[in-house]
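Have a look at the structure below before the remarks.
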Amino acid sequence: MTAHSSVGAGSLVLDAQALYTGLLRGVRALRGPQTHLAGIASGGAWLAERLKKDLGLNEDIGILSSSMHRDDFSQRGLSSSGQTVLPFDVNGAHLIVVDDVLYTGRTIRAVLNELFDYGRPASVKLMVLVDRGGRELPVQADLAVARVVLPASQTLELARNDDGRFSFRLQDLASQLDSKHQ
């Protein structure tokens, strides 16, 4: 199931809760009995936590950080998104890695490098809520619940409110820079 949306003169409307339902169906269909679940910090980790609950999983989920393997580490430094925690043996494991938004592919590259620091998995499947195109590296999700077209001047981020409901924030990079300099 893939929904297509685009941004034109109007505004983008993405129902994060409905997309999560599609992600849940996809993970349920692709997850085997020996499959481990890991989310990319932070939006992917939120999704993985909720998937664990909704799938009734007893095992802990993994959290993958891209911080140490970013190719823009010298500009960004360590992000505050968290550290990698993998409560299972990666060697020979079948993994489903979950993230909120797939864009350039650089975060996925960094996360795969991080994952291989812990061992050699048998397989890794990538599932995302939204694929926004704009790839700079040859990375593709096994499941993208929605595909949108956004200009490079905009960011799309998953947000989670106090009761655990998801929504998206769409921002212009120019307005983000302006708010940082005020």
Side-chain angles (χ1 to χ4, degrees), residues 1-33 35-66 79-82 84-87 94-108 110-111 124-135 139-173 175-176 179:
M1 173 188 138
T2 301
H4 296 272
S5 301
S6 63
V7 176
S11 63
L12 175 68
V13 178
L14 285 173
D15 182 343
Q17 288 297 127
L19 294 179
Y20 171 78
T21 300
L23 181 70
L24 177 60
R25 277 194 303 267
V27 170
R28 190 173 277 137
L30 288 177
R31 189 180 168 280
T35 305
H36 298 283
L37 193 59
I40 298 174
S42 61
W46 297 339
L47 293 166
E49 288 169 7
R50 184 143 161 217
L51 286 165
K52 175 188 173 183
K53 179 181 164 225
D54 292 346
L55 291 168
L57 304 178
N58 292 326
E59 71 176 37
D60 289 333
I61 59 158
I63 297 173
L64 292 163
S65 171
S66 65
S79 77
S80 61
S81 62
T84 294
V85 176
L86 295 170
H94 296 278
L95 303 174
I96 292 177
V97 174
V98 181
D99 203 10
D100 52 356
V101 179
L102 176 59
Y103 182 31
T104 64
R106 294 185 180 282
T107 297
I108 303 304
V111 162
V124 178
K125 295 198 179 307
L126 174 63
M127 300 189 172
V128 299
L129 281 184
V130 177
D131 180 345
R132 63 168 285 181
R135 215 75 75 241
V139 172
Q140 176 177 312
D142 293 282
L143 172 71
V145 183
R147 297 183 192 284
V148 299
V149 177
L150 295 173
S153 62
Q154 292 182 321
T155 63
L156 181 65
E157 293 179 343
L158 187 67
R160 180 177 67 171
N161 66 17
D162 292 339
D163 69 357
R165 292 186 57 80
F166 297 123
S167 62
F168 282 106
R169 277 192 299 248
L170 180 65
Q171 293 184 312
D172 287 316
L173 289 175
S175 65
Q176 287 178 344
S179 67

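Nothing here was measured: the structure is a model prediction, and the numbers come from that model. These values consider heavy atoms only, across backbone and side chains, with no hydrogens, waters or symmetry-generated copies.
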Distance, nearest 0.5 Å, that separates [atom1] of [X] from [atom2] of [Y]:
{"X": "R50", "Y": "K53", "atom1": "CZ", "atom2": "NZ", "result": "7.0 Å"}
{"X": "I40", "Y": "S65", "atom1": "CD1", "atom2": "OG", "result": "10.0 Å"}
{"X": "L86", "Y": "L64", "atom1": "CG", "atom2": "CG", "result": "5.0 Å"}
{"X": "L156", "Y": "L14", "atom1": "CG", "atom2": "CG", "result": "6.0 Å"}
{"X": "L37", "Y": "K125", "atom1": "CG", "atom2": "NZ", "result": "14.0 Å"}
{"X": "D99", "Y": "M127", "atom1": "CG", "atom2": "CE", "result": "13.0 Å"}

Minimum heavy-atom distance [X]-[Y], with the two atoms named:
{"X": "A16", "Y": "L158", "value": "CB-CD1, 4.2 Å"}
{"X": "L19", "Y": "A146", "value": "CD2-CB, 3.7 Å"}
{"X": "A48", "Y": "A38", "value": "CB-C, 4.2 Å"}
{"X": "P87", "Y": "V85", "value": "CD-O, 3.6 Å"}
{"X": "I63", "Y": "A41", "value": "CG2-CB, 4.1 Å"}

Those residues at least two apart in sequence (or on a different chain) that pass salt bridge (Lys or Arg N to Asp or Glu O under 4.0 Å) with K52 are D60
Derivation of the side chain to side chain contact (heavy atoms under 4.5 Å, CB included) call for V98 and V128: CA-CA 6 Å; V98 181; V128 299; over 6 Å; no
Any side-chain heavy atom of [X] within less than 4.5 Å of one from [Y]?
{"X": "V124", "Y": "H94", "result": "no"}
{"X": "R31", "Y": "L57", "result": "yes"}
{"X": "T155", "Y": "L173", "result": "yes"}
{"X": "E157", "Y": "V101", "result": "no"}
{"X": "L51", "Y": "L24", "result": "yes"}
{"X": "T84", "Y": "V111", "result": "no"}
{"X": "L126", "Y": "I108", "result": "yes"}
{"X": "V130", "Y": "D100", "result": "no"}

- request: Could you walk me through whether H36 and E59 pass the side chain to side chain contact (heavy atoms under 4.5 Å, CB included) test, one step at a time?
  value: CA-CA 8 Å; H36 298 283; E59 71 176 37; 3.0 Å; yes
task = Count the heavy atoms belonging to other residues, nucleotides or ligands that lie under 6.0 Å from CG of N58, then report whether that count exceeds 12.
result =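 At most 12 heavy atoms, drawn from other residues, nucleotides or ligands, come within 6.0 Å of this atom.
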R165 vs Q17, test: side chain to side chain contact (heavy atoms under 4.5 Å, CB included). Steps then yes/no.
CA-CA 7 Å; R165 292 186 57 80; Q17 288 297 127; 3.3 Å; yes
Point to revise | Check: Y103 main-chain N/O paired with R135 side-chain donor or acceptor under 3.5 Å | key: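 Yes: the side chain of R135 pairs with the backbone of Y103.
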Donor-acceptor contact present, side-chain R25 to main-chain A29, <3.5 Å: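 The answer is no, because no donor-acceptor pair under 3.5 Å joins these two groups.
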Item checked: Step-by-step side chain to side chain contact (heavy atoms under 4.5 Å, CB included) determination, D142 to I96 -> CA-CA 10 Å; D142 293 282; I96 292 177; over 6 Å; no
Ring pair (Phe, Tyr, Trp, His ring centres under 6.0 Å) pairs touching residues 144-169, sequence neighbours excluded, are Y20-F166
